[in-house]
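Reading through the structure tokens given below for one structure.
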Amino acid sequence: MNSDEISGIVFDCDYIVEGNKPLVRVFVKDAKTKQNIVLHDSSFCPYFYVVPYLYLTDEQAFLLKKKIELFEHDDISGTLKVKSVKEEEKTMGLQKRRVFRVECFIPKEVPLLKAHLEKEEEIEGFREYDILFYKRYLIDRNIELFRQMHFKVHHEKKTGRFFVDSIKADKNSPLVDFSLFRWLAFDLETIEESGKTKIIFASIVDSSGCKTVITCYRNGYEHAVVVEDEKSIIEKMGEIIKKQNPDFILTYNGDNFDFNVLEDRAKTFGIKLQWSSIGENFTYFSKGARKKAQCFGLVHIDIYKFVFSIMRGTIKSETLKLNNIAKELLGDEKKDVSYSDISHAWRTKTNLSKIADYCVHDSVLTLKLGEHIFANLSSLSNLVCQLPFDTCRASYGTLVEAFAIRKAHEKNIIVPNKPSNEEMVKRKQKGMFKGAFVYSPKVGLKKNIALFDFRSLYPSIIITHNIDIDTINCKCCLKTAKKKNKVPDYDFYFCQKQKGFIPSILEEIIFLRVKIKKIIKETRDTKMLKKLDAQQYALKIVANAFYGYMGFAGSRFYDYRAAVSTTSFGRHYIHKVIEEAKEEGFRVVYGDTDSVFLSLPKKNMKKINKFLDHINNSLPGIMDLEYEGFFTKGLFAQKKHGEGGAKKRYALVDENGNIIIKGFEKVRRDWSVLARQTQEKVLELLLSDKTEEAKNYVRDVIDKLKTKKVPIEELVINTNLKKSISSYEQMAPHVMAVKKAIARGMKFKGGQNIAYVVTAKGKSISDKAQLAEFANDYDSQYYINNQIIPVVSRIFEAVGVQELSLTDNSKQKNIFEY
DNA sequence: TATAGGCATACGAACATTATCTA
DNA sequence: TAGATAATGTTCGTATGCCT
């Protein structure tokens with residue numbers, strides 16, 4: 001046996017079972033040779049923890065340990081035995097506890113063994129039994145994903161395998177580049193034929209420059225590979241992919257669409273999706289509604305999933321369709337082809353090269369998006385110690401949980417269990433808890449606004465006040481903390497002696513982020529900057545998700561009191577800033593959660609800095625108020641119903657004249673393009689004192705609507721169908737439009753975007769609503785009264801143009817309708 | 001098996017009130 | 001003028017998507 005050292009980057013991992021032994025497989029890329037190697041590790045076995053009751057004597061504990069060691073159970077599938085039991089001391093809720101680490105032979109025995117041991121009376125509970133084996137491996141072996149790792153290995157001649165002897169991570173090496181890997185994106189075009197979805201085009205584009213479209217029809221497209229039939233398309237795909245030998249397969253919604261079709265068609269034709277160079281097959285599995293297509297050593301990244309769960313909050317496009325996302329993130333021009341175009345082209349065998357071109361374009365966009373998100377995906381993957389396959393499919397909750405589990409292992413802490421279903425129901429029944437404070441704005445146009453906000457308000461509070469499940473109302477500082485660290489609106493206080501687990505790991509994140517931000521300031525290399533920025537961003541989103549995670553019913557670290565304490569301190573601090581600002585003679589214009597808008601007679605940096613210092617000198621811990629910037633104008637509109645200004649909707653003009661719009665219909669995707677554009681234009685004109693022009697602009701729009709000169713595309717309203725059509729209580733316009741489309745034979749799923757138009761035919765608005773593709777006229781009165789007037793009238797009112805909404809016999813009429 | 005809550009707004013549904021029509 | 005019916009107004013709940 002030769003001993004050897006292999007250095008490389010880990011980007012995939014799984015396990016196989018051989019002779020009743022688990023064998024972890026680690027997929028590693030050698031950064032120098034760019035060769036991939038599969039490393040095997042036979043040294044790791046599955047385990048979970050048994051927590052014996054605290055009151056057990058040493059002898060009783062010893063007997064329990066023996067009992068577990070000797071456990072044996074026979075059934076048809078064989079004998080269930082324990083591999084070994086080790087006594088360990090672990091931290092549970094700030095307490096040191098004696099636990100038994102119960103090791104099993106193979107991973108699937110973990111839940112079986114736990115179930116058998118549940119009846120033992122000496123056992124208080126079980127921990128960490130639901131952490132997947134390969135995830136456990138990544139954590140326990142301190143694998144640094146996308147960073148250089150060093151493996152001592154030996155080669156086994158008989159099998160040709162490399163076995164891992166020891167692992168060392170190079171924590172200071174930078175995260176690797178996109179260009180280190182080979183990437184391949186594919187896309188399918190399909191048609192529905194006799195109730196089946198059939199593949200007619202498959203495009204493949206990869207990072208080495210390969211650009212192919214496979215079809216069984218001669219279409220004249222330059223990159224086309226023409227084959228016999230649908231079966232051959234799938235086979236040819238496999239052939240090309242195998243030859244190109246990528247490390248990553250990129251799709252846009254491949255989990256739910258492309259692989260779904262592929263799996264079905266491949267099964268029909270009796271083909272295996274064996275695309276990997278090491279002979280592994282793709283497996284397609286579903287857990288509830290969630291579907292995944294996976295292949296060891298050929299990592300499938302579904303970009304749509306990442307966009308949907310992680311990036312959605314930052315996306316502005318109406319829908320998350322590939323074209324929209326590519327346009328927003330890459331600035332790529334749209335090539336829109338609808339399903340009916342495709343099926344028409346296919347039936348008539350005309351324009352097929354256009355469809356082929358479109359198919360390739362989709363793969364090109366997917367590949368480009370893959371490059372675009374790589375820095376973020378790899379940073380997150382590294383931070384939370386999860387495979388890129390899992391990271392791109394993770395929700396915020398999963399990310400926080402994974403990060404916490406990793407840190408807990410580092411600190412010799414056992415994490416709490418996931419809640420049972422009943423427990424989750426109980427938590428949800430507690431109802432919503434009190435959240436942030438929002439200052440009601442005064443209506444009107446304000447000048448010279450200085451904007452302040454707290455840096456990472458909730459993480460700062462959790463760290464500063466040591467908010468954690470284990471630090472609430474501790475006995476050790478009953479006298480002191482009750483006075484010094486009491487929650488403003490509640491009777492809780494938090495320990496001041498021992499740092500809680502969550503505050504301590506949050507603190508690490510915050511400090512690391514500060515450190516990276518400092519390095520960013522000194523870095524010139526753009527490639528490096530992008531990586532560092534992605535790293536600080538990953539830290540930011542994980543830190544910000546912690547508070548929400550503590551209040552999430554499905555969380556391992558759920559605590560109602562911790563969550564309400566966090567928001568309570570938040571309200572306390574923002575009120576403090578508002579009060580002090582008033583005392584200093586500032587006029588408070590607005591504020592939301594962690595921000596305060598103050599208006600000044602004129603820009604005065606001396607005053608601003610003095611106020612900032614004054615506040616920060618009195619803030620405890622790492623609480624920090626920051627000066628965000630100065631705005632020459634700010635517009636706050638009247639609420640439609642009730643008194644006062646509308647919260648969470650305003651427009652600001654910065655010193656360079658840029659307009660920032662928050663909350664108004666302009667930024668809402670469930671309003672027509674016409675309404676959004678009109679509102680934006682009106683805001684723009686009014687904020688530059690062009691009142692008459694603004695009025696004329698609106699008059700012009702109304703006129704165009706009356707004379708039907710507005711193209712119907714601008715009147716399409718996008719709304720998300722959030723659930724299945726049958727579960728709607730209320731027949732809203734988009735729901736009715738869908739119902740009518742279903743009557744025509746179309747199918748809809750929850751989560752789909754619905755584009756509809758309010759047509760002229762019908763009684764109520766819902767009656768008039770039709771899917772955009774079926775609408776060929778529109779109701780001008782609806783668009784005037786329900787789309788244009790509402791979005792501009794209160795903005796005009798805010799700048800003092802009152803005579804707008806003259807009501808006449810309760811039918812809305814106004815100066816625009818001369 | 002959506003990290004949290006706060007907020008504005010639209011529209012439907014159900015009901016209350018008023019206007020209009022009829023006998 | 002009582003009673004029926006349509007039109008209009010009010011209130012409430014559902015639904016969506018934003019803000020921090």
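Each chain gets a letter, A, B and so on, in the order the sequences are listed, and its residues count up from 1.
A sub-4.0 Å separation between OP1 or OP2 of B/dT1 and a side-chain N or O of A/R290 is absent. Phosphate contact (OP1/OP2 of B/dG12, side-chain N/O of A/S766, threshold under 4.0 Å): present. Within the 4.0 Å cut-off from OP1 or OP2 of C/dC18, not a single side-chain nitrogen or oxygen of A/K666 is found. Contact annotation: A/Y728 reaches the phosphate of C/dT16 (side-chain N/O to OP1 or OP2, under 4.0 Å). The phosphate of B/dA8 (OP1 or OP2) has a side-chain N or O of A/K639 nearer than 4.0 angstrom. Between A/R312 and C/dG17, a side-chain N or O to OP1/OP2 separation shorter than 4.0 Å is absent. The phosphate of B/dT9 has neither OP1 nor OP2 within less than 4.0 Å of any side-chain N or O from A/H641. Of the side-chain N and O atoms in A/R794, one or more sit less than 4.0 angstrom from OP1 or OP2 of B/dT9. Of the side-chain N and O atoms in A/Y782, one or more sit less than 4.0 angstrom from OP1 or OP2 of B/dC11. For A/N786 and B/dC11, the shortest distance from a side-chain N or O to OP1 or OP2 is below 4.0 Å. Residue A/K723 has a polar side-chain atom (N or O) positioned under 4.0 Å from OP1 or OP2 of C/dA15. Contact annotation: A/K648 does not reach the phosphate of B/dC7 (side-chain N/O to OP1 or OP2, under 4.0 Å). Look at A/S764 and you won't find any side-chain N or O under 4.0 angstrom from OP1 or OP2 of B/dC11.
Straight-line distance between the C1' atoms of C/dG17 and B/dT1: roughly 22 Å, to the nearest whole Å.
Using a 30° and 60° split on the angle between ring planes, A/F433 and A/Y560 fall in the perpendicular class, above 60°. Ring geometry for A/F636 against A/Y590 counts as tilted: the plane angle lies between 30° and 60°, on a 0 to 90° scale.
Atom C1' of nucleotide B/dA8 and atom NZ of A/K662 are separated by 16 Å, given to the nearest angstrom. Between the CG atom of A/N544 and the P atom of B/dG5 there is a distance of 16 Å, rounded to whole Å. Taking atom CE of residue A/M731 and atom C1' of nucleotide B/dA10, one finds them 16 Å apart after rounding to whole Å. For the pair A/Q679 CD and B/dA8 C1', the interatomic distance rounds to 12 Å; values are reported in whole Å. A/W671 places its CH2 atom 11 Å from the C1' atom of B/dC11, with the value rounded to the nearest Å. Atom CZ of A/R561 and atom C1' of B/dA4 are 18 Å apart (whole Å). Counting to the nearest Å, the P atom of B/dA8 and the CD atom of A/E797 are 16 Å from each other. Remark: C1' of C/dC19 and CG of A/D453 are 13 Å apart, rounded to the nearest angstrom.
The side chain of A/Y547 lies closest to B/dG5, out of B/dT9, B/dG5, C/dG17. Side-chain atoms of A/K647 lie closest to B/dC7 of the nucleotides B/dC7, C/dT16, B/dT9. Listed nucleotides: B/dC11, C/dT16, B/dT9. Nearest to the side chain of A/N720: C/dT16. The side chain of A/D594 lies closest to C/dT20 when the candidates are B/dG12, B/dT1, C/dT20. Set against B/dA10, B/dG12, C/dA15, the side chain of A/K640 has B/dA10 as its closest nucleotide. Across B/dT1, B/dG5, C/dT16, the shortest atom-to-atom separation from the side chain of A/T719 is found for C/dT16. Of all nucleotides listed (B/dA8, C/dA15, C/dG17), C/dA15 comes nearest to the side chain of A/H734.
The residue A/Q730 sits close to a base: some heavy atom pair falls under 4.0 Å. Backbone-only contact: A/K722 has heavy atoms under 4.0 Å from sugar-phosphate atoms and none from a base. Nucleic acid contact class of A/G551 (heavy atoms, under 4.0 Å, all strands): sugar-phosphate only. Residue contacts for A/F557: at a heavy-atom cut-off of 4.0 Å it reaches no nucleic acid atom on any strand shown. Within the nucleic acid shown, A/V400 has no heavy atom closer than 4.0 Å to any nucleic acid atom. If you check every strand for non-hydrogen atoms under 4.0 Å, A/F433 touches sugar and phosphate atoms only. As judged by a 4.0 angstrom heavy-atom cut-off over every strand, A/G548 is placed among the base-contacting residues.
With a 6.0 Å cutoff to the six-membered ring centre and a 45° limit on the axis angle, A/R406 does not count as a cation-pi contact of A/F403.
For C/dG17, the base has a donor-acceptor partner in the side chain of A/R668 [N/O atoms by modelled type, under 3.5 angstrom].
With sequence neighbours excluded, no residue satisfies salt bridge (charged side-chain N to carboxylate O under 4.0 Å, His left out) with A/R669.
Around the NZ atom of A/K740, the shell of radius 6.0 Å holds more than 12 heavy atoms that belong to other residues, nucleotides or ligands.
A salt bridge is defined here as a Lys NZ or Arg NE, NH1 or NH2 lying under 4.0 Å from an Asp or Glu carboxylate O, and A/D779 with A/K768 meets this definition. Taking a cutoff of 4.0 Å between a charged side-chain nitrogen and a carboxylate oxygen, A/D489 and A/R571 qualify as a salt bridge. A salt bridge does not link A/E680 to A/R676: none of the charged nitrogens lies less than 4.0 Å from a carboxylate oxygen.
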